Amino acid sequence: LTACGSPGKGEDATTDGAKADEPVKLKILTEFDPQTLGEEYLATFDEVADELGYEIDVERVDTETYKTKIRVALQGNELPDVFFTWGDSYTQPFLDADALYPIDDALQEFDAKLYPTYAVPYEDGHMYTVPHQANGTYMTFYNKKVFEKLGMDVPTNWDELLAVVDKCNEQGIYALGLGNKDRWEGDLFYNEMVLREDTDAYNRAMDGDGAFTDEAFKNAAEKVETLVQKGAFQKGYMQATTSEVIEMFRADQIAMYPVGSWMLSTMIAGDLAEKTGYMMFPATGAAEEVETATTCMSGNLPQGLVASASSQFPEEAARFIVRYGQKINDINVKKGNIGFMETDVKPEGEVHEILKQYEEDFKNYKIMQTWWFSLVDAKIGEPMRDLSHQQFAGQIEVDDFLKELNTIMKQ
């Protein structure tokens with residue numbers, strides 16, 4: 001196995017003085033959720049290594065183990081050559097420590113053109129992250145048959161949403177579906193509401209320049225309280241599963257289901273294909289001041305794989321993650337899923353109109369923010385979701401909710 005020579009360092013040396021004939025060996029550490037990432041993600045690691053002539057050692061651990069392990073590695077200056085980051089505040093310590101290697105040259109070498117949504121450099125002007133999957137974003141599905149029965153258009157702002165809630169209540173239909181048995185759907189809903197009030201509220205609160213009692217968090221909590229008090233969510237939503245919500249949607253008992261793009265393949269399959277529409281969640285807060293929705297969640301633009309600057313082979317690590325990103329992108333596109341970079345690959349089979357519309361909207365998002373639960377340790381995330389469960393059950397006042405949220409998040 002032969003290492004690629006580093007530009008400008010001569011034929012006999014690679015980065016940090018490694019011999020040109022020394023095998024390129026990359027240690028890769030990544031979090032892995034077997035329920036959301038298929039085995040092709042692991043197989044592609046091997047495929048890229050074979051193509052580039054590298055040796056790799058891949059370690060995959062569960063999400064919570066990963067969060068601890070990668071932070072310890074940073075503190076001990078023992079980062080693997082390639083690893084995963086969620087972006088946002090999670091990535092900042094790595095940037096502050098100059099621990100990441102720029103991928104600009106590798107992107108150019110492989111002619112890898114990220115969609116504008118992702119091609120956003122950091123403050124220093126460099127790109128560091130290659131997506132390892134298209135980000136799942138918050139989106140809302142609506143039932144066309146229900147809205148025909150209501151005689152209304154889908155809501156585009158908060159007042160219109162409340163009008164739909166009132167109309168649904170009159171006709172014995174539930175305006176919003178929520179499967180909150182496992183707490184995460186309600187948690188994500190509140191995350192999105194805060195983001196729409198103020199796109200930087202979470203980062204300010206986590207950095208110490210703000211608090212989780214600030215106006216954006218309060219306004220969002222009051223909106224959730226309003227929806228709960230008005231009976232906007234379906235009966236039994238606190239113990240409902242995602243599949244139960246889908247069945248009620250199928251039975252035309254729910255007007256809208258705010259969840260995420262990971263449900264696209266389900267919501268456009270079989271009998272749901274004809275009755276399901278896709279909409280932006282109604283604009284609230286600061287989101288009402290822009291013509292095009294610019295916020296969505298579940299992934300962050302800098303989320304994905306990065307190369308370690310302390311690697312013996314940083315340039316090769318950068319090349320590896322760019323090529324890996326290209327192949328994973330093509331796998332997604334072939335399946336008819338959303339990609340994250342330009343490609344000549346085409347979907348295999350007919351693509352549903354909703355997927356086409358979603359892809360166009362996705363390319364134009366300007367702001368994406370990772371779910372809070374992904375950015376914090378379990379000792380914070382679990383109590384946060386317990387508190388969220390109380391919030392959606394109407395068991396806690398807004399001010400008390402905010403005080404407890406601030407206490408939990410500031411641990």
Side-chain angles (χ1 to χ4, degrees), residues 26-49 56-95 97 99-101 103 118 128-138 182-184 187-188 191 202 206 260-262 297-311 317-318 320-325 327-329 331-332 337-338 340 368-382 384-385:
L26 301 178
K27 182 173 178 55
I28 300 170
L29 176 64
T30 183
E31 62 89 32
F32 179 73
D33 180 356
Q35 293 183 333
T36 57
L37 291 181
E39 286 302 317
E40 65 265 27
Y41 282 83
L42 181 61
T44 302
F45 278 130
D46 293 327
E47 183 179 333
V48 174
I56 60 171
D57 176 14
V58 181
E59 181 181 3
R60 298 183 298 172
V61 296
D62 66 271
T63 300
E64 292 308 317
T65 300
Y66 180 85
K67 291 177 184 177
T68 300
K69 192 164 186 173
I70 199 64
R71 286 169 176 158
V72 170
L74 173 63
Q75 294 169 0
N77 195 29
E78 296 179 346
L79 287 170
D81 303 285
V82 171
F83 59 98
F84 173 83
T85 178
W86 282 275
D88 272 339
S89 58
Y90 198 91
T91 303
Q92 198 57 48
F94 298 93
L95 292 171
L100 305 184
Y101 190 80
I103 61 169
Y118 290 95
Y128 293 97
T129 316
V130 180
H132 76 310
Q133 60 177 319
N135 289 329
T137 63
Y138 205 71
D182 294 324
R183 305 168 299 157
W184 64 268
D187 180 38
L188 302 194
N191 282 194
Y202 172 81
M206 290 298 286
S261 58
W262 51 89
M297 300 177 66
S298 167
N300 184 281
L301 304 189
Q303 175 176 293
L305 296 177
V306 292
S308 171
S310 61
S311 168
F320 184 91
I321 63 175
V322 168
R323 189 69 184 116
Y324 180 84
K327 287 184 173 291
I328 289 297
N329 179 75
I331 289 172
N332 279 311
N337 297 329
I338 184 73
F340 45 82
M368 298 173 74
Q369 186 182 87
T370 309
W371 307 119
W372 306 349
F373 190 83
S374 294
L375 297 172
V376 299
D377 292 332
K379 66 179 182 179
I380 295 176
E382 292 300 330
M384 177 187 71
R385 286 195 166 173

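Given the structure is predicted, the values throughout are model-derived calculations rather than measurements. Quick note: numbers below take in every heavy atom, side chains included, and nothing from hydrogens, waters or symmetry partners.
Here K379 pairs with D377 under the side-chain contact (heavy atoms from CB on, under 4.5 Å) rule; sequence neighbours left out. For F320, there are no ring pair (Phe, Tyr, Trp, His ring centres under 6.0 Å) partners two or more places apart in sequence or in a different chain.
Rounded to the nearest 0.5 angstrom, T85 OG1 and E31 CD are separated by 10.5 Å. Note that the CG atom of L29 and the NZ atom of K69 stand 6.0 Å from one another [nearest 0.5 Å]. Rounding to the nearest 0.5 angstrom, the gap separating the CH2 atom in W372 from the CG atom in N191 is 4.5 Å.
No side-chain heavy atom of D81 sits less than 4.5 Å from a side-chain heavy atom of I28. L100 places a side-chain heavy atom less than 4.5 Å from the side chain of T91. You'll find the side chain of S311 stays beyond 4.5 Å of the side chain of V82, heavy atoms only.
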Go through the steps to decide whether K67 and D62 satisfy the test side chain to side chain contact (heavy atoms under 4.5 Å, CB included), and finish with yes or no.
CA-CA 9 Å; K67 291 177 184 177; D62 66 271; over 6 Å; no
Begin with the C-alpha distance, continue with both residues' side-chain angles, and end with the deciding distance and a verdict on side chain to side chain contact (heavy atoms under 4.5 Å, CB included) for Y41 and T30.
CA-CA 11 Å; Y41 282 83; T30 183; over 6 Å; no
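Of all non-hydrogen atoms in A99 and L74, the two that sit nearest each other are CB-CD1, 3.9 Å. A307 and A317 get closest at one heavy-atom pair: CB-CB, 3.7 Å. Shortest non-hydrogen contact noted between R71 and L375 is NH2-O, 3.6 Å. For A318 against Y101, the heavy-atom pair with the smallest separation is CB-CD2, 4.0 Å.
No option in F84, F83, Y128 other than F84 meets the side chain to side chain contact (heavy atoms under 4.5 Å, CB included) test with L305. Under the ring pair (Phe, Tyr, Trp, His ring centres under 6.0 Å) test applied with W371, the options Y138, Y202, W184 reduce to a single match, Y138. Screening V130, T129, I103 for a side chain to side chain contact (heavy atoms under 4.5 Å, CB included) involving V306 leaves a single residue, T129.
Using modelled atom types, one side-chain atom of N329 and one backbone atom of F340 make a donor-acceptor pair closer than 3.5 Å.
By the 30° and 60° cut-offs, the orientation of the rings of Y324 relative to F45 is parallel.
A salt bridge links R183 with E382: at least one charged nitrogen is closer than 4.0 Å to a carboxylate oxygen.
Counting non-hydrogen atoms of neighbouring residues, nucleotides and ligands closer than 6.0 angstrom, the CD atom of E47 exceeds 12 such neighbours.
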